[in-house]
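If you read the sequence from its start, that first residue is 1, and numbering goes on from there.
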Amino acid sequence: MAIASPLPAPFETRSTCPYCGVGCGVIIEHDGRRISGVRGDPDHPANFGRLCTKGGTLHLSARPENRALTPQLRASKHLPRENVDWETALDTCAATFARVIREHGPDAVGFYISGQLLTEDYYVFNKLAKGLIGTNNVDTNSRLCMSSAVAGYKQTLGADAPPACYEDLELADVLLIAGSNMAYAHPVLYRRLEEARAKRADVKVIVVDPRKTDTAREADLHLQILPGTDIALFNAMLNTLMWESLTDARYIAEHTNGFDAVKEAVRDMTPAAAARICGVPEADIRQAALWFGRAKGALSLYCQGLNQSSHGTHNNAALINLHLATGQIGKPGAGPFSLTGQPNAMGGREVGGLANLLSAHRDMGNPEHRAEVARLWGVNEVPATPGKTAVEMFEAVGRGEIKALWIACTNPAQSMPDLNAVRAALDNAEMVVVQEAFANTDTIAYADVLLPASTWGEKHGTVTNSERRITRVNPAVPPPGQARHDWDICVEFARRLGKALGREELARQLFSHDSPEAIWNEHRESTRGRDLDITGLSYAMLAERGPQQWPLPEGESVGRQRLYADGRFPTADGRARFVVTPHADVHEPVSTAYPLALTTGRLRDHWHGMSRTGQVPRLFSHVEEPLLSMDAADLARRRLAPGDLAEISSRRGKFIVRVEASDSVRPGQAFMPMHWGSQFMRGAGVNALTTPAFDPYSKQPELKAAAIEVKPVQLPHRVVAMRLHADAAQAARLTEALKPLMQRFDYATVTLAGRDDTLVSLRGYAAQTVPDAVLDEIDRLLELTEPARVMRYVDARRRVEKTARIDDGVMTSVCLSGETAAADWLKSMMLEGASLEAVRPWILAPVSSPPQGSLARGRVVCNCLNVSENEIRADAAAGLDFAACQAKRKCGTSCGSCVPEVKRIIGLATSASSEAARILPQAA
Ligand code: SF4
């Protein structure tokens with residue numbers, strides 16, 4: 001099929017990747033109207049030109065089809081939204097918010113924003129809530145992601161500031177990676193670690209993770225602890241350090257407080273005691289402690305595995321205790337280094353974009369800090385009443401306490417825990433405003449007002465990455481349709497709300513900004529004298545000299561690479577604080593009714609709720625559907641085989657997905673990725689199961705641990721429909737048209753595949769006969785109704801039907817009803833452009849399975865070079881090792897994200913003693 005001709009790309013614009021907290025620099029190729037390419041910025045110090053599979057395909061996600069283009073409004077919950085102009089939309093929002101505030105007080109409204117907003121966007125939302133309206137009800141999806149890291153740093157070090165930098169990955173000789181699958185979640189940083197290990201044989205990597213992830217498999221020591229037992233492990237490591245005299249008495253005496261209490265608290269947490277709690281060998285705990293204690297530089301890297309816990313703050317603090325006890329902080333190759341999940345979670349924290357924070361790392365609970373911010377903003381006061389954090393905010397909406405909710409650049413109807421309750425709350429709100437770039441997130445369905453926003457490639461501002469490095473974000477193309485920038489929407493709303501509240505003059509004074517730079521300059525001034533002081537920095541300096549780390553106070557010319565080199569901490573007495581961290585169990589332990597411990601996490605090629613990666617067909621080729629991973633024996637005990645359908649349930653919700661056997665989880669545990677929501681599967685996704693329980697200090701919910709049960713389900717009535725399109729816009733329209741049909745089945749997914757062309761598929765299985773009307777609708781959408789182009793085989797007795805469309809001698813569309821065993825093979829044939837002759841005998845015959853000896857291509861492991869798992873397995877079976885396979889197929893030679901997995905597949909295939917680690921489900 002024809003490939004759409006590439007656009008000329010005479011222009012290049014420097015910006016950043018909008019996905020993870022590594023904060024890679026990108027160069028966007030474009031013609032001023034359309035983005036045509038992206039490559040890594042060789043001058044950006046976060047990635048030096050590298051990008052992972054997600055960042056490297058960003059240009060393919062910059063498409064107009066799924067964008068919100070026009071403001072929309074609905075007159076009541078039961079009516080569809082209609083297009084309106086901006087004036088009408090914003091005036092309606094202002095009128096409703098003003099009425100709610102007048103009638104019920106400022107705390108009856110709330111703002112739920114995002115770590116994907118730019119720092120300038122964040123700043124004005126925070127000022128709108130706390131400065132103009134007088135409520136602290138402004139929280140963000142960073143609450144689900146990093147708030148335990150914030151609280152952990154503040155409790156121990158005195159400020160929310162990661163003390164280390166990326167260069168430390170190359171300088172450390174022991175790296176303790178806890179609750180992070182860096183190989184998937186921060187791939188470019190992981191490449192840096194791989195290179196450091198290749199150069200230095202003495203580097204030891206310890207991974208703490210309940211799952212045997214690719215990161216864990218490559219570690220020198222994997223502590224595969226039971227979920228929620230991190231504190232016991234870290235306390236036992238501290239116990240060992242003390243016992244072995246590996247603590248730094250001088251550092252403890254000169255730079256810390258509280259060690260005696262911690263010493264006492266961990267006295268009985270011996271490696272033997274922790275081994276019983278954590279489910280790992282005592283010797284391994286001792287080994288980890290000895291490596292850490294004897295290291296010249298010990299660096300810990302951690303992420304959601306520690307944070308998303310009902311004791312996430314103590315998880316963080318227990319780990320930081322190890323660094324304080326050994327003096328492993330403030331020097332090259334050392335320190336507790338929290339890896340941020342989102343691209344600008346750090347920037348949001350800097351401007352105080354959480355319900356408990358104020359600008360420039362000030363605390364809402366501190367009267368002096370509130371007075372400082374009030375002075376800076378020129379208001380009488382900022383409110384003292386604690387704001388509602390994410391879970392609390394949606395609970396308050398559900399109870400009717402918060403009546404008007406503004407959601408910007410995030411998708412809580414998929415990402416919040418206990419989704420059924422969250423969705424009911426959204427239904428209950430008087431007004432839900434959704435400010436969003438994409439028209440098809442799960443939250444859009446709940447929008448009474450939809451405000452179209454700009455997004456990556458269109459925005460202008462700054463972001464801060466995990467190592468405190470601020471980068472300018474630049475626009476390559478204008479926003480499509482009537483979409484506006486997030487800061488601009490917020491400022492415009494603030495002015496109108498001020499007028500509606502009779503505070504017009506105040507609103508004009510607070511929101512006089514006419515550009516992101518004007519906002520950023522105000523933020524910069526708020527940092528003067530604070531730990532993150534950036535008064536020496538400017539937009540111009542960022543443009544001229546490139547990204548800079550904070551702090552960078554006036555008078556200095558470069559930012560500080562590492563913090564606390566002098567042993568002084570931003571606490572009242574300049575000393576860091578040890579925190580007593582008693583072991584605590586997960587909030588919801590397994591029970592007889594729910595005997596499996598579920599954990600959740602990320603995949604390599606998808607990002608959050610897929611609003612962006614879900615538009616790029618090739619990003620589905622690594623994992624194409626939501627699967628629940630379980631131990632093979634646990635599956636067998638439930639009479640389940642890999643690929644079978646199962647009902648997954650917790651106390652809060654249930655749905656049906658297929659299961660896979662995996663040695664990455666221990667018996668009694670299960671794993672499901674976070675990415676699928678109602679856009680690509682029947683059901684709300686894994687967060688229908690998760691618990692809203694949260695940490696008492698950080699208020700971060702326990703997204704990583706829920707008790708579930710898994711039961712077999714029989715859905716004998718099956719339909720698989722696939723359509724190949726050369727035109728990406730047509731494929732996008734078909735994808736949207738097929739999604740509502742998922743509701744007509746008990747299990748269903750919509751999936752994309754392909755590289756140049758796009759194959760859109762709907763897989764739907766049902767307990768009852770699929771109605772003819774549904775099949776007719778599928779035929780219509782897949783253009784299977786033109787007799788001259790269609791071949792059809794019908795076996796009415798068995799209710800089997802195969803229908804295929806042929807264009808220019810190639811099968812471009814197919815619908816299988818009743819018998820779907822050949823679906824994966826047909827998909828491979830369609831993607832390869834196989835001739836009609838290759839598939840005709842199968843289409844017109846009463847056979848269900850693919851021709852003997854034919855194989856589906858299997859999932860793609862190397863996305864850049866399009867190398868499949870089956871091809872790598874075949875090479876391994878032929879005796880090729882990793883180097884030979886890579887030389888032959890070039891897999892892993894571009895972005896490198898697949899290297900750990902290619903090594904694993906070859907290792908497993910060539911190891912006579914290893915059982916197959918991952919038995920791929922076959923279409924049933
Ligand atoms: Fe983007 Fe990948 Fe870099 Fe993260 S590691 S910022 S997802 S390119």
_Apply salt bridge (Lys or Arg N to Asp or Glu O under 4.0 Å) to residues Asp220 and Arg197 and explain how you reach the verdict._
CA-CA 11 Å; Asp220 297 288; Arg197 292 179 85 185; 3.1 Å; yes

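- Here the side chain of His186 pairs a donor or acceptor atom with the backbone of Thr340 at under 3.5 angstrom.
- No hydrogens or angles considered: a donor-acceptor pair under 3.5 Å links the side chains of Thr471 and His44.
- Below 30°, between 30° and 60°, or above 60°: for His606 and Trp676 the angle between ring planes is above 60°, a perpendicular geometry.
- Side-chain contact check for Glu901 and His622: at least one donor-acceptor pair (N or O, by modelled atom type) lies under 3.5 Å.
- Side chains of Tyr190 and Glu218: a donor on one and an acceptor on the other come within 3.5 Å.
- Residues that satisfy the side-chain hydrogen bond (donor to acceptor under 3.5 Å, both in side chains) test with Asp605, not counting sequence neighbours, are Thr53, Asn863.
- Ion pairing of Glu625 with Arg658 is present here, as a side-chain N (NZ or NE/NH1/NH2) and a carboxylate O approach within less than 4.0 Å.
- If you check the side chains of Thr812 and Arg723, you find a donor sitting under 3.5 Å from an acceptor.
- A donor-acceptor pair under 3.5 Å is formed between the side chain of Asp173 and the backbone N or O of Gly297.
- Sorted by first then second residue, the salt bridge (Lys or Arg N to Asp or Glu O under 4.0 Å) pairs that include residues 607-620, not counting sequence neighbours, number zero.
- Going from atom CG of Leu759 over to atom NZ of Lys827 covers 7.0 Å, rounded to the nearest 0.5 Å.
- A cation-pi geometry, defined here as NZ or CZ lying under 6.0 Å from the six-membered ring centre and within 45° of its normal, does not hold between Arg192 and Tyr166.
- Asp43 and Arg14 are joined by a salt bridge, as a carboxylate oxygen and a charged side-chain nitrogen come within less than 4.0 angstrom of each other.
- For the atom pair CG of Asp824 and CE of Met829, the computed distance is 13.5 Å after rounding to the nearest 0.5 Å.
- Tyr302 has its side chain out of reach of Val208: every pair of non-hydrogen atoms, C-beta onward, lies at least 4.5 Å apart.
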